[in-house]
J.: 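For reference, the structure I am asking about is given below.
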Amino acid sequence: MASIRISEARQHLGDVATLRGWLYNKRSSGKILFLQLRDGTGILQGVVAEPENPQLFALAARLPRETSVIASGTLREDPRAPSGCEMQLSTLEVIQEPTGDFPIELKEQTPGFLLDHRHLWIRTGRQVPILRVRDAAFRAFRSFFCERGFVATEAPILTGASVEGTTTLFELDYFGDKAYLSQSGQLYLEATAMALGRVYWIGPAFRAEKSKTRKHVTEFWIAEAEMAFYDHAANLALQEDLVRYLVEAVVAERKEDLVTLERDTDLLLREVRQPFARIDYGDAVRLLQEKGHEVTFGDDFGAPEEEALGAHFGRPVFIERFPVTMKPFYMKRDPADPTRALAADLIAPEGYGEIIGGSQRVDTVEELLAQLEENKLPTAPYEWYIDLRRYGSVPHSGFGMGLERVITWICGASHIREVIPFPRQIHRLYP
Ligand code: 4AD
Ligand code: MG
């Protein structure tokens, strides 16, 4: 007897097969029971008719949702079933029968209740396809860079200084000294890029942000790349290629899941297949003012502004050349206008907001020292970073993508907390 996973069921039509999983849900129609069986790869309908197998029928009728089981039976084509087939059950071996009703109902429950039961919630509804899309997005990011000859590298999580400003740092005691949870691996990737040329990684990033929005978590996964000899223009071209590749790869691989999530994948592909829009920060401020937004030059854009820009262009848009006062110390200034940084944020359409932040990096000791001072940062913790400008400095650029932001957009999810297995938010550290 073939032991199969549900994703392979269609290749075994006519066979007697066994699968191991959980009883997701069931319904009855007179003397027939329909069991929704799940195993992480999909959902398969198991059918048992009382007249044919009264004992099995009685057992199946009694078992509660989420009973873990080994099910055997014949696989038959069924065009009405989402998987295209069903299993005529002959045996059902119970591994463990739940001691009570499964807390997650397959109807609306409050977000607070669902988040308190996140460890169980992830088994149900949209959560399973979302987590499979997440897997595909991580993999696509890595294969993009692997195919282009980048070297995967790692950055530390425990750090002695800030990368993205001091207001969002998680501080901890490190044997009597202060240490911080990393906000980004960027500074360390700049060092490995000087060793390896072009590098990338995916790692956790921590932001002690007090923002309670549908786009912020305090722990997220940042996907970053750093390239020696790349200028600002080359940096943006690479980001555009990456986002297009990533969306296309995920849609191709997880089409069925995105259909389950009711995501309009044609829209998504149309958005990324056009050349991305680009707008100077100053022009973006003017455009927003014309649309009635109360922004002035030097302001950070909030969710309504990002949404308006996304809607205006209907495709990803780079906002370029921010005033240096808005951005961190490490960004190179535009030689044509030193009040502006050679930086860009990439804004996703449909209101999903900023998905990438990046820039060309400062590459001389003089500029770096001046910019540290302007940002009132001490030089001692950054000596190693200054060294990179002392020994064979080259023009270089990089960027960081918030994977949860991208996955939220690809899935069409309404909140970032749905696309990470265990979201961390201001008032949420459980489970
Ligand atoms: O724009 P950020 O702060 O840029 C950096 O950290 C740079 N050091 C990256 C680099 O150049 N290597 O963060 C990068 C991205 C943002 O564009 C956003 O997508 C995501 O990380 N992000 C968050 N995602 C979820 N929750 C939060 N609190 C986030 N903060 C930033
Ligand atoms: Mg940013």
Side-chain angles (χ1 to χ4, degrees), residues 134 137 141 145 150 153 155 157 159 161-170 180-193 198-227 230 232 235-236 238-239 242-243 246 281 300-303 305-306 310 316-320 322 326-332 341-348 352-362 385 396-410 413 415-420 423-426 428:
R134 179 181 169 96
F141 179 84
F145 286 106
F150 282 57
T153 185
I157 307 305
T159 61
S162 101
V163 186
E164 291 299 312
T166 48
T167 55
T168 65
L169 276 179
F170 280 112
Y180 309 97
L181 293 179
S182 179
Q183 299 161 306
S184 150
Q186 178 199 322
L187 305 192
Y188 295 94
L189 260 58
E190 287 185 54
T192 51
R198 295 173 196 173
V199 298
Y200 70 100
W201 87 312
I202 292 178
F206 304 88
R207 305 279 168 102
E209 237 150 354
K210 296 257 156 56
S211 357
K212 267 180 106 177
T213 79
R214 60 193 178 92
K215 298 192 180 95
H216 289 87
V217 275
T218 55
E219 177 179 309
F220 66 98
W221 290 79
I222 198 163
E224 300 185 283
E226 202 65 36
M227 299 76 68
Y230 267 50
H232 175 65
N235 192 19
L236 296 204
L238 183 71
Q239 292 170 42
L242 166 67
V243 171
L246 200 145
Y281 169 82
D300 248 330
F301 298 152
E305 286 75 36
E306 288 184 351
V317 49
F318 285 110
I319 306 173
E320 287 185 79
F322 290 90
M326 294 174 62
K327 290 290 180 188
F329 70 92
Y330 54 71
M331 293 185 172
K332 187 164 179 69
L342 287 176
D345 285 355
L346 182 64
I347 310 295
Y352 289 98
E354 180 192 329
I355 53 174
I356 294 183
S359 76
Q360 190 167 334
R361 318 305 190 189
V362 161
Y385 187 69
H396 65 288
S397 302
F399 61 89
M401 167 190 271
L403 278 167
E404 285 76 15
R405 297 266 182 97
V406 172
I407 297 162
T408 305
W409 168 44
I410 293 179
H415 201 298
I416 194 168
R417 66 187 172 211
E418 260 200 298
V419 308
I420 181 163
R424 297 289 177 241
Q425 296 169 280
I426 307 180
R428 185 157 295 282

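Bear in mind that the values here come from a model prediction, so they are computed numbers and not experimental data. Both ligands and their constituent atoms are indexed starting at 1 by order of listing.
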J.: What's the separation between atom CZ in F206 and atom CD1 in I157, rounded to the nearest 0.5 Å?
T.: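 F206 CZ to I157 CD1: 6.0 Å, rounded to 0.5 Å.
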
J.: Below 4.0 angstrom from a heavy atom of G357, which ligand 1 atoms are there? Numbered from 1 as shown, please.
T.: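 Under 4.0 Å from G357, ligand 1 has these atoms: 1 (O), 9 (C), 10 (C), 11 (O), 17 (O).
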
J.: Indicate yes or no: does an N/O atom of E224 lie under 3.5 Å from an N/O atom of ligand 1?
T.: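 It does: an N or O of E224 is found under 3.5 Å from an N or O of ligand 1.
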
J.: Near G402, which atoms of ligand 1 are under 4.0 Å from a heavy atom of that residue?
T.: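 Numbered from 1, ligand 1 contributes 15 (C), 19 (O), 20 (C), 21 (O).
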
J.: Pull out every atom of ligand 1 sitting under 4.0 Å from any heavy atom of I416, numbered as shown with elements.
T.: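 With I416 as reference, the close atoms of ligand 1 come out as 25 (C).
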
J.: L189 and V199: which non-hydrogen atoms are nearest, and at how many Å?
T.: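 Nearest pair, atom of L189 first, then V199: O-CG2, 3.6 Å.
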
J.: Mind checking whether Q183 and S162 have side chains closer than 4.5 Å, heavy atoms only?
T.: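 Yes, at least one pair of side-chain atoms sits under 4.5 Å.
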
J.: Heavy atoms only, cut-off 4.0 Å: how does I356 contact ligand 1, side chain, backbone, both, or neither?
T.: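 The answer is the backbone.
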
J.: Quick check for you: to the nearest 0.5 Å, what is the distance between F141 atom CZ and W221 atom CH2?
T.: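 Taking CZ in F141 and CH2 in W221, the distance rounds to 13.0 Å.
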
J.: What protein heavy atom lies closest to atom 29 (C) of ligand 1? Include the residue and the distance to one decimal.
T.: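 The closest one turns out to be F220 CE2, 3.4 Å.
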
J.: Donor-acceptor pair, distance only, cut-off 3.5 Å: does the side chain of E305 make one with the backbone of G302?
T.: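 Here the side-chain-to-backbone pair exists.
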
J.: Examine ligand 1 and decide if any of its atoms is less than 4.0 Å from a heavy atom belonging to T218.
T.: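 Checking ligand 1 against T218, which is what was asked, there is no heavy-atom contact under 4.0 Å.
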
J.: Indicate yes or no: at least one non-hydrogen side-chain atom of I347 is less than 4.5 angstrom from one of F301.
T.: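 Sidechains of F301 and I347: no contact.
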
J.: Show the atoms of ligand 1 that are less than 4.0 angstrom away from any heavy atom in F399.
T.: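 This gives 10 (C), 11 (O), 12 (N) as the contact atoms.
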
J.: Specify the protein heavy atom at minimum distance from atom 18 (C) of ligand 1: its residue, its atom name, and the distance to 0.1 Å.
T.: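 The closest heavy atom on the protein side is R405 NH1, 3.5 Å.
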
J.: Do H216 and R405 come within less than 4.5 Å of each other through their side chains, counting heavy atoms only?
T.: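 Counting from C-beta outward, H216 and R405 do come under 4.5 Å.
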
J.: Would you mind listing which atoms of ligand 1 come within a distance below 4.0 Å of any non-hydrogen atom of E209?
T.: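 Every atom of ligand 1 under 4.0 Å from some heavy atom of E209: 28 (N).
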
J.: So, does K215 sit close enough to ligand 1 that a heavy atom of it is under 4.0 Å from the ligand?
T.: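 Yes, K215 has heavy atoms under 4.0 Å from ligand 1.
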
J.: Please work out which of M401, Q183, R207, K327 has its closest non-hydrogen atom nearest to atom 13 (O) of ligand 1.
T.: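 Considering heavy atoms of M401, Q183, R207, K327, the nearest to atom 13 (O) of ligand 1 sits in R207.
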
J.: Where on E164 is there a heavy atom closer than 4.0 Å to ligand 1, on the side chain, on the backbone, on both, or on neither?
T.: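 Side chain only.
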
J.: Which residue and atom name correspond to the protein heavy atom nearest atom 14 (C) of ligand 1, and how close is it?
T.: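 Nearest protein contact, heavy atoms only, for atom 14 (C) of ligand 1 is G400 O, 3.5 Å.
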
J.: Taking C-beta and beyond as the side chain, do I426 and K212 meet within less than 4.5 Å on heavy atoms?
T.: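 Side-chain contact under 4.5 Å: yes.
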
J.: Go through the side-chain N and O atoms of E224 and S184 and say whether any donor and acceptor fall under 3.5 Å apart.
T.: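 Note: E224 and S184 side chains meet the donor-acceptor criterion.
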
J.: How long is the span from the CG atom in L246 to the CE atom in M401, to the nearest 0.5 Å?
T.: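 L246 atom CG to M401 atom CE measures 5.5 Å (nearest 0.5 Å).
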
J.: What atoms in ligand 1 come closer than 4.0 Å to a heavy atom of Y330?
T.: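 It comes down to these atoms of ligand 1: 7 (C), 8 (N).
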
J.: Where the closest heavy atom to atom 27 (C) of ligand 1 is concerned, which of I355, T168, V217, L187 has it?
T.: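 That would be V217.
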
J.: Check whether any side-chain heavy atom of L346 sits under 4.5 Å from a side-chain heavy atom of F399, and report yes or no.
T.: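 Side chain of L346 against side chain of F399, heavy atoms only: no contact under 4.5 Å found.
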
J.: Sorted by chain and residue number, which protein N/O/S atoms are under 2.8 Å from the Mg ion (ligand 2)?
T.: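 Correct list: E354 OE2.
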
J.: For residues Y180 and T159, determine if any side-chain heavy atom of one lies less than 4.5 Å from a side-chain heavy atom of the other.
T.: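 They are in side-chain contact.
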
J.: Can you list the steps and then say if E164 with R207 is a salt bridge (charged side-chain N to carboxylate O under 4.0 Å, His left out)?
T.: CA-CA 9 Å; E164 291 299 312; R207 305 279 168 102; 5.1 Å; no

J.: If you measure from atom 17 (O) of ligand 1 to every heavy atom of E404, R361, E219, E354, which option wins on shortest distance?
T.: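 Ranked by closest heavy atom to atom 17 (O) of ligand 1, first place is E354.
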
J.: Got a sec: does the CZ of R134 have more than 12 other heavy atoms crowding it under 6.0 Å?
T.: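 Enclosed: over 12 neighbouring heavy atoms sit under 6.0 Å from CZ of R134.
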
